[in-house]
Amino acid sequence: MRVLVLPGLDGGEAPRLPLVRALPPPLAGEVVAYPRERLMGYDALLGWAARRIESPGEPVVLVGESFSGPLAVRAAAAHAGVVRGVVLVATFAHRPVPGWLRFVATSLTFRLPPPRAFLRQWLLGPDASDDEVDVLRREIMAVRPAVMAHRVREALTVDVREELAALTVPVMVVEASRDRVLGRRRRRALWQVRPSLRWEVVDAPHLVIEREPARVAELVSDFAASLA
């Protein structure tokens with residue numbers, strides 16, 4: 001069985017590789033990295049991910065991190081014959097913060113490198129190592145500012161609650177207990193949409209995959225085994 005990781009807002013591969021490497025055999029992990037120069041919303045990214053989901057035709061577990069949670073839900077619905085389960089990590093089915101913030105998500109917002117203090121405070125936690133911060137910072141800086149802004153606006157208008165409720169495959173949520181991006185009420189909203197969710201809590205900040213890859217890999221492996 002394959003595990004395809006759909007990454008967070010930066011869309012990069014490097015921050016998720018520790019999770020992929022921690023997956024035990026026979027699971028084979030892969031990160032579906034997103035183009036750094038092209039404006040692609042959820043519709044376009046669904047087509048982008050489709051090639052990796054359908055080839056080589058083996059069963060797939062989709063892991064949707066943060067920004068990519070809605071994409072994982074839509075992809076599971078579109079590829080029901082291949083996708084056997086969905087893992088939603090620190091994510092949402094409906095816009096995670098007030099929608100008016102989309103009006104301040106412009107290229108200027110992402111023109112300068114994100115301060116390391118900001119990344120620690122909101123995403124990685126105050127105890128994150130310099131290496132962890134630098135890897136994430138490089139991925140963000142590698143993406144064209146207009147692309148980052150476009151992804152934020154997409155996240156602030158998305159709504160896949162109906163699709164999530166209608167999924168015919170098992171779904172597991174991995175919640176970060178110290179998530180400062182998603183408030184507790186917004187995180188728990190997933191449960192209201194789909195009460196049958198399997199729910200796991202990891203002691204971590206928002207980027208739980210980056211901070212606790214071994215623990216997330218353990219949860220994904222156990223979830224995949226339950227599908228068999």
Side-chain angles (χ1 to χ4, degrees), residues 1-8 16 19-32 42 45-46 48-94 96 155 158-177 179 182 184-204 206-210 212-228:
M1 187 175 290
R2 293 180 297 146
V3 175
L4 292 185
V5 181
L6 305 178
R16 289 92 201 172
L19 166 61
V20 169
R21 292 166 180 155
L23 291 169
L27 293 179
E30 182 182 356
V31 181
V32 182
Y42 285 117
L45 289 172
L46 182 61
W48 177 266
R51 294 173 296 175
R52 307 281 276 280
I53 294 172
E54 292 291 345
S55 176
E58 298 174 6
V60 169
V61 173
L62 289 178
V63 178
E65 179 192 21
S66 191
F67 165 81
S68 287
L71 180 62
V73 171
R74 291 186 58 188
H79 302 276
V82 178
V83 177
R84 300 295 173 83
V86 178
V87 181
L88 301 175
V89 182
T91 188
F92 49 90
H94 186 221
V158 73
D159 188 345
V160 296
R161 288 176 290 185
E162 290 187 6
E163 292 94 328
L164 175 60
L167 282 183
T168 58
V169 297
V171 180
M172 178 173 72
V173 169
V174 177
E175 176 186 359
S177 64
D179 195 333
L182 301 176
R184 184 176 180 83
R185 179 177 65 83
R186 294 186 183 276
R187 298 199 302 267
R188 293 288 167 169
L190 292 170
W191 203 310
Q192 296 173 340
V193 174
R194 191 182 176 96
S196 62
L197 288 169
R198 172 177 169 179
W199 201 280
E200 301 288 348
V201 180
V202 177
D203 181 19
H206 180 65
L207 294 186
V208 57
I209 285 178
E210 289 74 6
E212 297 291 340
R215 178 56 180 150
V216 176
E218 180 183 9
L219 291 173
V220 171
S221 175
D222 183 63
F223 179 67
S226 72
L227 303 178

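Note that the coordinates shown come from a computational prediction; the quantities given were computed from them, not determined experimentally.
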Nearest heavy-atom neighbours spanning [X] and [Y]:
X	Y	result
Pro170	Arg84	CD-O, 3.4 Å
Val201	Ser177	CG1-CB, 3.8 Å
Pro213	Ala22	O-CB, 4.2 Å
Ala72	Val86	CB-CG1, 4.1 Å
Val208	Ala176	CB-CB, 4.1 Å
Val158	Ala155	CG1-O, 3.4 Å

If you apply the rule side-chain contact (heavy atoms from CB on, under 4.5 Å), what do you find for Leu190 with Trp199, and how did you get there?
CA-CA 10 Å; Leu190 292 170; Trp199 201 280; 4.1 Å; yes
Pairs meeting criterion ring-ring contact (aromatic ring centres under 6.0 Å, His included) with involvement of residues 51-72, two or more places apart
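Those involving residues 51-72 are Tyr42-Phe67.
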Could you grab the distance from atom [atom1] of [X] to atom [atom2] of [Y], nearest 0.5 Å is fine?
X	Y	atom1	atom2	result
Leu46	Ile53	CG	CD1	7.0 Å
Ser68	Leu45	OG	CG	7.0 Å
Thr91	His206	OG1	NE2	7.5 Å

Pairs flagged by salt bridge (charged side-chain N to carboxylate O under 4.0 Å, His left out) wherever residues 64-81 is involved - sequence neighbours left out
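Checked against salt bridge (charged side-chain N to carboxylate O under 4.0 Å, His left out) - neighbours excluded - the pairs reaching residues 64-81 are Arg16-Glu65, Asp43-Arg74.
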State which residues pass salt bridge (Lys or Arg N to Asp or Glu O under 4.0 Å) with Glu54; sequence neighbours excluded, sorted by chain then number.
none
Hits for salt bridge (Lys or Arg N to Asp or Glu O under 4.0 Å) against Arg194, two or more places apart or cross-chain, chain-then-number order -> none
Side chains of residues 161-169: which donor-acceptor pairs under 3.5 Å do they make with residues two or more places apart or in other chains?
from   : atom 1 : to     : atom 2 : distance (Å)
Arg161 : NE     : Asp159 : OD1    : 2.9
Arg161 : NE     : Asp159 : OD2    : 3.3
Arg161 : NH2    : Asp159 : OD2    : 2.7

Between Val32 and Trp48, is any pair of side-chain heavy atoms under 4.5 Å apart?
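SC-SC contact between Val32 and Trp48 confirmed.
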Taking the side chain as every heavy atom from C-beta outward, state whether Val216 and Val87 have any pair of such atoms under 4.5 Å apart.
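The answer is no, as the side chains (C-beta and beyond) never meet within the 4.5 Å cut-off.
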Test your reading of the model: is there a side-chain donor-acceptor pair from Arg2 to the backbone of Arg52, 3.5 Å cut-off?
yes
If you apply the rule side-chain contact (heavy atoms from CB on, under 4.5 Å), what do you find for Ile209 with Val174, and how did you get there?
CA-CA 10 Å; Ile209 285 178; Val174 177; over 6 Å; no
Pairs touching residues 215-228 that satisfy side chain to side chain donor-acceptor pair (under 3.5 Å), sequence neighbours left out:
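Listed once each, the pairs are Arg198-Asp222, Arg215-Glu218.
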